[in-house]
K.L.:
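My questions will all concern the structure given below.
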Amino acid sequence: MTRVLIPSGALGLGYDRTALERGIASAPDIIAIDGGSTDSGPSYLGRGVSKYSRASTKIEWAGLIEARRTAGVPLVIGTAGTCGADDAVDWLVEITEEILAETGQAAKIAVLKSGQTAARVADAFSTGRITPLHPAPEIDADVIASCSNIVALAGAEQIAAALETGADIVIAGRTTDTAIIAALPLMRGAHAGAAWHGAKIGECGALCATNPQSGVILVDFDADGFTVTPLADGAHATPHTVSAHMLYENSDPFILYEPGGHLDVTQAEYRALDDTRVRVTGSEWVPSDRYTVKLEGARRAGYQSVLLTLLRDRHYVEHADAWCADILAKCRAKAEARLGLAAEDFDLELRIIGRSATLGALENRANGAVELGVLGIVTAQTRQAVDEIAKMLNPYLLHHPLTAAEEQPTFAFPFSPAEVERGEVYEFCLNHVMELTDPMEAFRLEVRQFG
Amino acid sequence: MADTLGDVVEKVRSKNAGPFWLTIDIFCGSAEAFERVRQGVSTDRVARLFQTEPDGLKRFDIPSLNVVKFSLPRPQVQGTRFDRDMHGASYAALVAEMTLN
């Protein structure tokens with residue numbers, strides 16, 4: 001049996017300390033936590049930075065390093081620093097060494113890097129070893145070269161290699177959410193379907209149970225199945241909460257693709273052992289012929305500034321669409337004429353908050369708002385162009401009249417200046433898998449002895 | 001007035017399933033509500049709601065959970081300048097406000 005302690009769905013989300021202590025007391029074989037996701041958007045991967053505060057990360061990570069020392073077992077984190085890019089891994093390694101130094105601990109740290117050079121990916125692309133998933137953006141050598149970061153999602157094999165070094169702490173770059181949990185059970189001969197399925201159920205911590213914010217759960221893996229036990233007060237796993245977790249952020253609730261194969265839970269059976277624990281059997285692992293890893297890439301999509309103005313005058317609230325359309329036409333013409341830009345060199349958009357800012361063209365409800373916000377979004381390839389166009393848009397959003405005959409109106413700017421620079425913006429540009437001959441060929445493993 | 005889907009079910013949730021997919025989980029809450037949703041919400045209607053073709057949608061009717069699930073390529077790829085909802089959670093409202101046949 002292999003017992004995996006999962007403190008939380010992600011480092012930075014917090015965890016219940018009492019429940020964590022219960023977990024340590026129950027003699028886990030490993031502590032595993034996820035460090036990231038693409039869910040906050042492309043900027044983090046594009047810049048190679050973490051979404052969470054350094055101070056919060058350090059406090060929560062220090063708690064887990066202490067838990068690891070007490071339990072005397074390895075601690076593994078996947079997708080370090082939100083995006084799992086090499087720089088984000090280095091950031092967490094630095095925090096780790098600070099913690100070890102401040103608490104007078106020695107530890108062996110295995111660092112697994114998932115960053116891919118554009119050259120490696122371009123070579124794989126030109127030799128037909130990159131396959132698009134649906135729906136995939138079109139790519140070519142130029143798109144690949146334009147990525148500021150490309151990562152490959154490591155699977156259980158790469159995490160196993162890191163654990164085999166005998167490391168106390170494994171800090172991994174981008175991995176699948178499940179790999180950090182599945183790796184040790186697989187190494188120790190657990191049922192492969194159960195290892196991946198239990199990992200998927202456990203990857204968001206207590207989200208598979210009641211009291212989902214409490215974080216801490218145990219997953220026990222053996223030769224036939226797995227058992228989920230949430231550890232916080234008021235947290236209960238039921239066959240319903242556990243099986244329903246397969247829906248979460250999965251486009252297919254029965255099939256999950258991983259490096260080297262896929263998990264099929266169509267035949268899985270979920271059984272309550274008592275009012276807190278659930279036992280799952282019947283999950284199937286289907287190995288694939290090719291070993292592929294998924295790629296994620298982000299590239300700069302330009303620079304952006306935003307402006308916000310507020311319409312409270314009833315007449316303007318009622319005619320906001322016409323007002324925005326008129327401003328867009330006039331401001332675009334002005335930007336083209338005064339900056340010598342072509343229409344395709346920049347993008348200008350006004351979103352009416354209170355009407356359709358969330359759903360855009362999909363919005364099918366009309367309402368009578370008291371006030372409306374108008375969010376101006378300026379995007380272009382250079383910082384200077386964005387700055388200039390945003391400044392040209394500013395007076396329109398402040399004073400533009402619906403008709404030439406009326407007295408000049410003034411709208412509400414919530415701050416000065418009304419333009420807010422967002423700087424460089426990024427976009428995801430890969431939804432592809434890359435075929436490998438050896439699981440380690442695209443990853444780098446380094447062992448550091450600290451103290 | 002006809003019931004909306006949201007009136008009949010426990011919860012409608014939408015989330016990203018990676019940067020390129022959106023997934024919508026309709027938790028019906030009872031076998032009776034599940035049956036009503038299964039019959040009253042066609043894939044065609046959901047596709048129209050998202051101004052897309054029905055063959056682009058995946059649909060899962062899961063009686064063991066009383067859940068009907070739809071997955072579709074995101075209306076806009078997450079985080080592009082055309083995207084309006086980074087986490088995709090607001091699309092649930094569009095589905096919850098459908099009238100039930």
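Sequence lines set the chain letters: A, B, ... in the order given, protein chains first and strands last, and positions in each chain run from 1.
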K.L.:
Based on non-hydrogen pairs under 4.5 Å, which of A:Gly302, A:Ala301, A:Ser243, A:Ser43 is most in contact with chain B?
P.N.:
A:Ser243
K.L.:
Considering only heavy atoms, which portion of A:Glu349 lies under 4.5 Å from any heavy atom of chain B: side chain, backbone, both, or neither?
P.N.:
side chain
K.L.:
Within the 4.5 Å heavy-atom criterion, are B:Thr23 and A:Asn250 side-chain neighbours or not?
P.N.:
no
K.L.:
Picking from A:Ala136, A:Ala361, A:Ala298, A:Pro253, which has the most non-hydrogen pairs under 4.5 angstrom with chain B?
P.N.:
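It is A:Pro253.
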K.L.:
Which atoms of B:Asn66 come close to chain A, meaning under 4.5 Å heavy atom to heavy atom: side chain ones, backbone ones, both, or neither?
P.N.:
neither
K.L.:
Relative to chain B, which segment of A:Tyr426 carries a heavy atom at a distance below 4.5 Å: side chain, backbone, both, or neither?
P.N.:
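The backbone, not the side chain.
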K.L.:
Can you check whether B:Phe60 reaches A:Asp252 side chain to side chain, under 4.5 Å on heavy atoms?
P.N.:
yes
K.L.:
Between B:Arg84 and A:Glu363, is the closest basic N to carboxylate O distance under 4.0 Å?
P.N.:
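Looking at B:Arg84 together with A:Glu363, the answer is no, because their closest N to O distance does not fall below 4.0 Å.
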K.L.:
Which bit of A:Leu375 is near chain B, if near means a heavy-atom gap under 4.5 Å: side chain, backbone, both or neither?
P.N.:
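Contact with chain B involves no heavy atom of A:Leu375 at all.
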K.L.:
Look at A:Ser251, A:Gly360, A:Pro239 and state which one has the largest set of heavy-atom pairs under 4.5 Å with chain B.
P.N.:
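Top option by heavy-atom pairs under 4.5 Å: A:Ser251.
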K.L.:
Quick one: pull up CG in B:Asp83 and CZ in A:Phe428 and give me the separation to the nearest 0.5 Å.
P.N.:
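B:Asp83 CG to A:Phe428 CZ: 10.5 Å, rounded to 0.5 Å.
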K.L.:
Would you mind checking which part of B:Gln76 comes under 4.5 Å of any heavy atom in chain A, side chain (CB onward), backbone (N, CA, C, O), both or neither?
P.N.:
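Neither part; nothing is under 4.5 Å.
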K.L.:
Which answer fits B:Phe20, side chain, backbone, both or neither, if we ask what part of it has an atom under 4.5 Å from a heavy atom of chain A?
P.N.:
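Backbone plus side chain of B:Phe20, per the 4.5 Å heavy-atom cut-off to chain A.
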K.L.:
So which residues of residues 45-53 of chain B are in contact with chain A at a heavy-atom cut-off of under 4.5 Å?
P.N.:
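Near chain A, by residue number: B:Leu49, B:Phe50, B:Gln51.
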K.L.:
Measuring only between side-chain heavy atoms, which start at C-beta, is B:Pro75 closer than 4.5 Å to A:Leu362?
P.N.:
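When only atoms from C-beta onward are counted, A:Leu362 and B:Pro75 do touch, with a gap below 4.5 Å.
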K.L.:
Do other residues, nucleotides or ligands put more than 12 heavy atoms under 6.0 Å from the CD atom of A:Glu138?
P.N.:
no
K.L.:
Side chain from CB out, backbone as N, CA, C, O: work out which of these in B:Phe82 comes under 4.5 Å of a heavy atom of chain A, or both, or neither.
P.N.:
backbone
K.L.:
Taking the side chain as everything from C-beta on, heavy atoms only, tell me whether A:Asn431 gets closer than 4.5 Å to B:Pro19.
P.N.:
no
K.L.:
Tell me, side chain or backbone of B:Arg74 under 4.5 Å from chain A's heavy atoms, or both, or neither?
P.N.:
neither
K.L.:
Do other residues, nucleotides or ligands put more than 12 heavy atoms under 6.0 Å from the CD atom of A:Glu269?
P.N.:
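Open.
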K.L.:
Does any N or O in the side chain of B:Lys69 come within less than 3.5 Å of the main-chain N or O of A:Leu247, such that one atom is a donor and the other an acceptor?
P.N.:
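Yes, B:Lys69 side chain to A:Leu247 backbone: donor-acceptor pair under 3.5 Å.
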K.L.:
Rounded at 0.5 Å granularity, tell me how far CD in B:Gln78 sits from OG1 in A:Thr38.
P.N.:
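Here the rounded value is 5.5 Å.
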K.L.:
Between A:Pro42 and chain B, which part of the residue has a heavy atom less than 4.5 Å away: side chain, backbone, both or neither?
P.N.:
side chain
K.L.:
Heavy-atom cut-off 4.5 Å, strictly under: side chain, backbone, both or neither for A:Ser37 against chain B?
P.N.:
neither
K.L.:
Counting only heavy atoms closer than 4.5 Å, note whether A:Ala244 contacts chain B via side chain, backbone, both or neither.
P.N.:
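Its backbone and side chain both get close to chain B.
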K.L.:
Could you look at B:Asn16 and say if it's the side chain, the backbone, both or neither that has a heavy atom under 4.5 Å from chain A?
P.N.:
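Both the backbone and the side chain of B:Asn16 come within 4.5 Å of chain A.
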K.L.:
Are there over 12 heavy-atom neighbours, none belonging to B:Arg81, within less than 6.0 Å of that residue's CZ?
P.N.:
yes
K.L.:
Is it the side chain or the backbone of A:Thr358 that comes within 4.5 Å of chain B heavy atoms, both, or neither?
P.N.:
both
